[in-house]
Student: 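Have a look at this one.
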Amino acid sequence: MTQQQFMDFFQDVLISVYANIRDLREKQGFADPEEQDYLRGRLVSYEEILELFRMSARDTGINSRELGL
């Protein structure tokens with residue numbers, strides 16, 4: 001795998017994570033109370049993924065902003 005292939009892959013994953021977060025936040029505005037807990041749980045999971053990416057970038061000396069984090 002080339003560095004460009006990896007960056008393309010990572011950016012695709014990152015775009016998907018951000019899109020899912022945006023979608024879940026939009027759904028929260030219309031969800032009934034029973035769905036709110038489910039949506040909050042999913043949001044926490046996606047936010048944890050982003051934080052893992054940020055921590056890993058920090059630990060390896062990569063600028064997280066360059067990755068879109």
Student: Measuring from atom CD of Q11 to atom CD of Q4, what distance do you get when rounded to the nearest 0.5 angstrom?
Tutor: 9.5 Å
Student: Please report the shortest heavy-atom distance between A57 and L67, naming the atom on each side.
Tutor: CB-CD1, 4.2 Å
Student: Does L50 share a hydrophobic cluster with L52, counting links as ILVMFWY side-chain heavy atoms below 4.5 Å and allowing steps through other members?
Tutor: no
Student: R58 vs E51, test: salt bridge (charged side-chain N to carboxylate O under 4.0 Å, His left out). Steps then yes/no.
Tutor: CA-CA 10 Å; R58 254 191 323 270; E51 188 55 33; 3.5 Å; yes
Student: Applying the 4.5 Å side-chain criterion to the ILVMFWY set and letting contacts propagate, would V44 and L14 be lumped into a single cluster?
Tutor: no
Student: Within a 6.0 Å radius of atom OH on Y18, are there more than 12 heavy atoms belonging to other residues, nucleotides or ligands?
Tutor: yes
Student: For the side chain of Y46 and the backbone of L24, is there at least one donor-acceptor N/O pair under 3.5 Å apart?
Tutor: no
Student: So, taking the atom named CG in D23 and the one named CD in E26, what distance separates them when rounded to the nearest 0.5 Å?
Tutor: 6.0 Å
Student: Counting N and O atoms only, with roles assigned by atom type, does the side chain of R54 sit under 3.5 Å from a partner on the main chain of S64, one being a donor and the other an acceptor?
Tutor: no
Student: Can a donor-acceptor pair be found, under 3.5 Å and without considering hydrogens, that links the side chain of Q36 to the backbone of Q28?
Tutor: yes
Student: Within a radius of less than 6.0 Å around CZ of F10, do more than 12 heavy atoms belonging to other residues, nucleotides or ligands occur?
Tutor: yes
Student: For D12 and D8: C-alpha separation, side-chain torsions, deciding distance, then whether side chain to side chain contact (heavy atoms under 4.5 Å, CB included) applies.
Tutor: CA-CA 6 Å; D12 187 53; D8 291 345; over 6 Å; no
Student: Report yes or no: do M7 and I62 belong to one cluster of Ile/Leu/Val/Met/Phe/Trp/Tyr joined by side chain heavy-atom distances under 4.5 Å?
Tutor: yes
Student: Between I21 and Y38, is there a shared hydrophobic cluster once you connect ILVMFWY residues whose side-chain heavy atoms come closer than 4.5 Å?
Tutor: yes
Student: Are F30 and L43 linked, directly or through intermediate hydrophobic residues, by side-chain heavy-atom contacts shorter than 4.5 Å (ILVMFWY only)?
Tutor: no
